[in-house]
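Heads up: numbering here begins at 1 and tracks the sequence. No experiment lies behind these values; they were computed from the predicted model shown.
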Amino acid sequence: MTSTIKRLSTQQEDFSTCFNALLGFESSANPDIEHAVAGILNRIKTEGDVALVQLTEQFDRVKIQHASQLELTYSELKAAYDSLSPEQGNALRAACQRIQAFHQRQLASGWEFTEPNGTLLGQRVTALDRVGLYVPGGKAAYPSSVLMNAIPAKVAGVSEIIMVVPTPSGSKNQLVLAAAYLAGVNRVFTIGGAQAIAALAYSTPTIPKVDKIVGPGNAYVAEAKRRVFGTVGIDMIAGPSEILIICDGHTNPDWVAMDLFSQAEHDEMAQAILLSPSVSFLEAVHASIQRLIETMPRQTVIATSLKNRGALIHVQDLHEACVLSNQIAPEHLELSVQNPEHWLPHLKHAGAIFMGAYTSEALGDYCAGPNHVLPTAGTARFSSPLGVYDFQKRTSLIFASPQGAAELGAIAAELAEGEGLFAHARSAEYRMGSAVKKGVQ
């Protein structure tokens with residue numbers, strides 16, 4: 001199979017038009033999906049477990065008598081963990097340890113300070129009580145997603161993690177269940193789709209309501225998360241996976257081609273782009289793509305992704321590459337250059353930056369330590385990777401001494417009257433002994 005991929009140059013007259021078209025993907029609303037999800041959410045909200053059982057039978061082809069049968073026992077999770085091969089067990093434990101060690105450094109604590117007049121100000125940091133973790137099932141089974149979502153929640157101090165994972169035709173992925181056991185997930189239910197999101201958001205007699213829902217899913221899951229946001233928190237609405245590689249031409253072209261494949265194989269709408277100032281290197285990578293794609297089990301998906309949304313782009317220099325990178329704000333940015341630290345100050349927007357020729361994006365997906373849940377579709381301009389901070393909330397602390405109440409009250413009363421909120425003003429003045437002055441008894 002040969003692969004077609006766009007070849008662009010920043011020097012061509014229509015580059016801006018072509019570049020904008022390349023980035024112009026929008027996850028346009030699908031009325032059929034919106035209608036279907038709205039119906040599912042309403043059914044779970046009004047019918048509870050009855051609808052959950054029926055929808056699970058309809059979509060996952062799993063027949064059960066009662067929703068309580070959807071929950072897996074601790075013994076089942078442990079059995080899955082015990083069934084791992086030594087190689088799988090070692091890999092899962094090593095990844096778990098590294099992810100935990102990295103996220104432990106993100107743990108925030110509260111603080112406070114006391115002003116000279118005795119007023120205390122501060123911030124209290126507390127964990128969410130209960131979090132829902134959606135994990136894809138069936139063909140798309142990702143134990144790494146379990147670790148990346150559950151571990152930061154555990155580090156943050158979340159009391160209870162409820163995991164939902166579909167099991168099409170009753171098929172349970174043992175590696176996913178083992179990851180749940182290892183990561184300390186508290187309860188696991190074999191449900192998926194929009195109905196699982198609805199159950200977590202609204203609760204049923206069997207499924208408890210959570211405070212926040214995290215984890216990837218298909219278009220129905222994404223639409224359901226969008227609709228329940230506000231009732232519960234969500235992590236993000238993720239788009240197709242993306243990789244941008246900036247290369248100076250000194251990396252093995254086979255390595256770069258395979259890194260492009262690593263994202264293209266996710267989805268026909270995934271995006272893989274290479275920027276380089278070396279025309280000969282771009283030609284070498286193109287040759288590698290044509291040769292190596294024949295070895296890929298998912299070559300059809302890769303070829304479609306590269307044809308639809310991939311590109312090899314010739315830039316004048318690495319400075320220009322950084323400018324384009326900031327416009328793209330990619331999910332994954334491979335800075336495959338000599339002395340990558342030199343270029344970091346020029347790069348403002350990226351979900352994660354993989355520095356140097358030996359740092360493949362795949363390391364970040366599984367075991368480097370930083371979270372692989374990253375902002376997509378340019379949202380790295382204002383969003384961050386999933387982390388411990390997503391499972392903590394902050395509460396302000398204010399304690400006014402008598403002197404502080406008098407000093408701050410004068411300021412507050414003046415501003416409140418300026419806004420026409422006189423009860424606010426009087427409330428502050430009562431504490432500073434000035435209420436009589438304003439004629440309030």
Assess whether atom [atom1] of [X] is packed by more than 12 heavy atoms of other residues, nucleotides or ligands within 6.0 Å.
{"X": "Arg291", "atom1": "CZ", "answer": "yes"}
{"X": "Lys6", "atom1": "NZ", "answer": "yes"}
{"X": "His286", "atom1": "NE2", "answer": "yes"}
{"X": "Phe382", "atom1": "CZ", "answer": "yes"}

Side chains of [X] and [Y]: is there a donor and an acceptor less than 3.5 Å apart?
{"X": "Ser159", "Y": "Asp129", "value": "no"}
{"X": "Asp259", "Y": "Ser360", "value": "no"}
{"X": "Tyr366", "Y": "Arg98", "value": "no"}
{"X": "Ser241", "Y": "Glu331", "value": "yes"}

Quick one: [atom1] on [X] to [atom2] on [Y], what's the gap to the nearest 0.5 Å?
{"X": "Ile273", "Y": "Arg309", "atom1": "CD1", "atom2": "CZ", "answer": "7.5 Å"}
{"X": "Leu177", "Y": "Lys172", "atom1": "CG", "atom2": "NZ", "answer": "8.0 Å"}
{"X": "Ile234", "Y": "Ile197", "atom1": "CD1", "atom2": "CD1", "answer": "9.0 Å"}
{"X": "Asn371", "Y": "Asp390", "atom1": "CG", "atom2": "CG", "answer": "8.5 Å"}
{"X": "Phe391", "Y": "Thr126", "atom1": "CZ", "atom2": "OG1", "answer": "14.5 Å"}

Residues Lys307, Glu268: salt bridge by 4.0 Å N-O rule: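 No, Lys307 and Glu268 are not salt-bridged.
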Which heavy atom in [X] sits nearest to a heavy atom in [Y], and how many Å separate them?
{"X": "Glu76", "Y": "Thr73", "result": "OE1-N, 2.9 Å"}
{"X": "Leu282", "Y": "Leu312", "result": "O-CD1, 3.9 Å"}
{"X": "Pro168", "Y": "Gly137", "result": "CD-C, 4.4 Å"}
{"X": "Cys18", "Y": "Gln12", "result": "SG-NE2, 3.8 Å"}
{"X": "His103", "Y": "Val155", "result": "O-CG1, 3.7 Å"}
{"X": "Met269", "Y": "Pro240", "result": "O-CB, 3.3 Å"}

Residue pair Phe229 / Ile237, side-chain heavy-atom distance below 4.5 Å: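 When only atoms from C-beta onward are counted, Ile237 and Phe229 do not touch, as no gap falls below 4.5 Å.
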Donor-acceptor pair, side chain of Asp235 and main chain of Gly215, under 3.5 angstrom: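 Side chain of Asp235 to backbone of Gly215, a donor-acceptor pair under 3.5 Å: yes, one is there.
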Check: Pro86 main-chain N/O paired with Asn90 side-chain donor or acceptor under 3.5 Å: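 Checked: pair present.
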Pairs where residues 288-320 contributes a residue and the test ring-ring contact (aromatic ring centres under 6.0 Å, His included) is met, not counting sequence neighbours: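 Every pair satisfying ring-ring contact (aromatic ring centres under 6.0 Å, His included) with a residue in residues 288-320: His319-Trp343, His319-His346.
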